[in-house]
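Notes follow the structure.
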Amino acid sequence: MQEQYRTVARAGVHESEINRSRFICALAPAATEQEAQDFIARVRKEHPTAGHHCFAYVIGADASVQKASDDGEPGGTAGVPMLQMLTRREVRYAVAVVTRYFGGVKLGAGGLIRAYGGVVGEALDEVGTIVRRRFLLATVTVGHQRAGKLENDLRATGRAVREVAYAEAVTIEIGLPEADIEAFRGWLADATAGTATLDLGGEAYGDA
């Protein structure tokens, strides 16, 4: 698995006018290809009279799924430059839709490539990106008398506390970078006088 990836910080819209044509770029995070396609469909509904809804999306921390569409623009002048902008910026799990309202002036192939790629770049600048790092999921099990202080200590030291469950004992699910596991074991033993246990689970990505 990739150690980290970059994605869009939030959904957002950026508009540019080029030679009287309106280019409206809608960006959003997308965890799956279906989410990306649902977002594209939603944007189409919001702009039913627009001439084109070109899109590009990249799914997977390793960019394993990449799709682009020119949606009626000359081949290779819209979806591909949009996709290239996403991949050049190393953006993953994201979808971009550029809606174009034609303003009466033809831009030519070079002009379209610059316009579609450029508006995606401007939208990324405006919306911003975040880095998500790979974590191992780990479960700390501890007695009730130490749980409250331990949870506070975990949060105070910047650990990613994901879930806390109270039963016969208290389980605290956290995310840990793989390189930190051994150091964390030592810290946990000191913090709980050796009374807590640590079980490693699967993997996930979280904010770096």
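Basis for what follows: all heavy atoms, side chains included, without hydrogens, waters or symmetry-related copies. For the single chain, residues carry numbers from 1 onward in sequence order.
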Between [Y] and [X], is there a salt bridge with N-O shorter than 4.0 Å?
X    : Y    : result
R185 : D190 : no
D38  : R42  : no
E3   : R133 : no

Do the side chain of [X] and the main chain of [Y] share a donor and acceptor less than 3.5 angstrom apart?
X   : Y   : answer
T77 : E73 : no
E35 : A31 : yes
S69 : F55 : no
D70 : G79 : yes

Using the rule side-chain contact (heavy atoms from CB on, under 4.5 Å), only one of E15, H52, E46, H53 pairs with T99; which is it? H53

From [X] atom [atom1] to [Y] atom [atom2], the distance as rounded to the nearest 0.5 Å:
X    : Y    : atom1 : atom2 : answer
S16  : E122 : OG    : CD    : 3.5 Å
E173 : T141 : CD    : OG1   : 11.0 Å
M82  : I113 : CE    : CD1   : 13.5 Å
L136 : D180 : CG    : CG    : 10.0 Å
Y57  : I59  : OH    : CD1   : 7.0 Å
L154 : K149 : CG    : NZ    : 10.0 Å

With a 6.0 Å cut-off (strictly less than), is the heavy-atom count around CZ of R114, excluding the residue itself, greater than 12? no

The test is side chain to side chain contact (heavy atoms under 4.5 Å, CB included); show your working for V8 and L124 and say whether it passes. CA-CA 7 Å; V8 294; L124 285 170; 3.7 Å; yes

Using a distance-only test with no angle check, is there a side-chain donor-acceptor pair under 3.5 angstrom linking [X] and [Y]?
X    : Y   : result
R100 : S21 : yes
Q66  : T87 : no
T129 : R6  : yes

Connected via hydrophobic side-chain network under 4.5 Å: [X] and [Y]:
X    : Y    : value
L188 : F135 : no
L27  : V13  : no
M85  : V80  : no
I40  : V120 : no
L86  : V98  : yes

For R146 and T195: C-alpha separation, side-chain torsions, deciding distance, then whether side chain to side chain contact (heavy atoms under 4.5 Å, CB included) applies. CA-CA 9 Å; R146 295 184 187 271; T195 61; 3.3 Å; yes

Measure the shortest side-chain to side-chain distance between [X] and [Y] over non-hydrogen atoms and say whether it is less than 4.5 angstrom.
X    : Y    : answer
L200 : L137 : no
E203 : R134 : yes
E90  : T7   : no
E168 : H144 : no

With side chain to side chain contact (heavy atoms under 4.5 Å, CB included) as the criterion, how do Y166 and T171 come out once you've worked through the C-alpha distance, each side chain's angles and the decisive distance to 0.1 Å? CA-CA 7 Å; Y166 289 85; T171 54; over 6 Å; no

Show the numbers, then the answer: is there a side chain to side chain contact (heavy atoms under 4.5 Å, CB included) between V65 and V58? CA-CA 6 Å; V65 177; V58 182; over 6 Å; no

Heavy-atom pair of closest approach, residues [X] and [Y]:
X    : Y    : result
V161 : V164 : CG1-CG2, 3.9 Å
L150 : A191 : CD1-CB, 4.4 Å
G175 : R162 : N-CD, 4.0 Å

The side chain to side chain donor-acceptor pair (under 3.5 Å) partners of D199 (sequence neighbours excluded) come to none

Pairs meeting criterion ring-ring contact (aromatic ring centres under 6.0 Å, His included) with involvement of residues 93-123, two or more places apart: Y5-Y93, F23-Y116, H47-Y101

